[in-house]
Amino acid sequence: MGTKGRQIVGMDVDELLDILNQAFADEWLAYYQYWIGAKIVKGPMKDAVASELLLHATEELAHADLLAMRIIQLGGTPLNNPEEWFKHTHCGYDTPSEPFVKLILAQNIKGEQCAIDVYQKLLKLVRDADPVTYNIVLTILQQEVEHEEDLQALDEDLNSLMMRNVN
Ligand SMILES: [Fe+2]
Ligand SMILES: [Fe+2]
């Protein structure tokens with residue numbers, strides 16, 4: 001580990017690197033959960049849902065990229081083996097074993113709510129200590145909030161569609 005990062009951050013850099021690597025693991029798992037969800041989703045509105053899931057997947061991967069760059073800037077190493085993702089993840093991975101569109105949406109909504117919680121806590125932690133990380137985390141958090149809203153909106157559309165069909 002270099003000393004470069006230690007001089008520019010007003011907190012324990014190893015602690016910050018651990019938290020950033022947790023978030024990095026979360027992003028890769030979120031990426032895959034969205035990506036595979038988009039492939040297998042079934043039911044009403046599946047095309048609209050699949051394209052939203054695929055868009056979110058792309059954005060989670062971009063979050064992983066932002067986190068990896070910051071980890072390297074701080075003198076750390078982004079987790080370099082996928083096996084490590086499960087050891088470090090905070091939000092985990094929810095296997096989409098049932099492809100029905102409502103269940104896929106519910107799993108991903110839960111994941112976004114976890115991510116929002118993680119990034120809100122991280123934002124508070126780095127607010128005064130590390131403005132560069134703060135800025136990155138704020139950017140990511142804003143997108144996670146949008147993701148959660150987009151999924152909720154799709155779920156509501158789906159509910160009204162399903163209501164119409166039974167009436
Ligand atoms: Fe993300
Ligand atoms: Fe997200």
Side-chain angles (χ1 to χ4, degrees), residues 15-41 43 45-74 76-127 130-159:
E15 187 201 346
L16 179 56
L17 284 169
D18 283 347
I19 298 168
L20 291 174
N21 257 322
Q22 275 180 8
F24 178 72
D26 285 342
E27 293 294 351
W28 271 104
L29 293 172
Y31 163 75
Y32 191 71
Q33 194 176 315
Y34 273 124
W35 185 89
I36 196 70
K39 298 285 172 207
I40 63 167
V41 67
M45 290 175 53
K46 77 172 175 60
D47 292 338
V49 170
S51 47
E52 192 70 35
L53 297 179
L54 202 55
L55 175 67
H56 288 196
T58 313
E59 290 173 345
E60 308 304 4
L61 198 55
H63 298 166
D65 192 79
L66 286 170
L67 292 166
M69 286 193 300
R70 187 61 184 145
I71 289 167
I72 291 165
Q73 278 177 346
L74 290 169
T77 307
L79 299 175
N80 56 13
N81 184 329
E83 283 179 15
E84 297 286 312
W85 298 343
F86 284 97
K87 292 179 199 150
H88 293 265
T89 179
H90 199 280
C91 296
Y93 180 81
D94 219 355
T95 306
S97 40
E98 168 57 64
F100 183 55
V101 60
K102 262 196 88 70
L103 296 174
I104 299 269
L105 282 174
Q107 286 179 318
N108 287 306
I109 287 169
K110 204 176 93 204
E112 291 297 344
Q113 287 167 345
C114 180
I116 289 166
D117 190 53
V118 164
Y119 287 119
Q120 274 173 345
K121 284 183 181 138
L122 181 50
L123 206 59
K124 278 189 197 136
L125 190 73
V126 298
R127 179 175 293 156
D130 182 0
V132 176
T133 300
Y134 180 88
N135 218 32
I136 292 166
V137 172
L138 184 60
T139 302
I140 297 175
L141 176 61
Q142 283 166 337
Q143 281 198 337
E144 309 301 15
V145 169
E146 276 175 36
H147 288 172
E148 206 261 352
E149 285 175 353
D150 293 343
L151 297 178
Q152 296 280 12
L154 279 168
D155 191 56
E156 280 166 31
D157 289 352
L158 191 59
N159 286 344

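Order of listing sets the numbers, starting from 1, for every ligand and every atom in it. Numbering starts at 1 and runs along the sequence shown. The analysis underlying the following values was restricted to heavy atoms, covering all of them including side chains, and did not include hydrogens, waters or symmetry mates. All of these numbers come straight from a predicted model, not from anything done at the bench.
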Tell me which donor-acceptor pairs under 3.5 Å the side chains of residues 23-30 have, and how far apart each pair is, sequence neighbours excluded?
from	atom 1	to	atom 2	distance (Å)
D26	OD1	T89	OG1	2.5
D26	OD1	H90	N	2.7
D26	OD1	C91	N	3.0
E27	OE1	H63	ND1	3.4
E27	OE2	H63	ND1	3.4
E27	OE2	Y119	OH	2.6

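Counting only distance, with no hydrogens or angles, the side chain of Q107 and the backbone of T95 share a donor-acceptor pair below 3.5 Å.
The CG atom of L138 sits 10.0 Å away from the CZ atom of R127 when rounded to the nearest 0.5 Å.
Here 5 is the count of protein N, O or S atoms positioned under 2.8 Å from the Fe ion (ligand 1), waters not counted.
Among the backbone and side-chain atoms of E112, an N/O/S atom is found under 2.8 Å from the Fe ion (ligand 2).
There is no side-chain donor-acceptor pair under 3.5 Å between E146 and Q142. Between the side chains of E144 and H147, at least one donor N or O sits under 3.5 Å from an acceptor N or O.
Each of Y31, W35, Y34 was scored for a ring pair (Phe, Tyr, Trp, His ring centres under 6.0 Å) with H56, with one residue passing: Y34.
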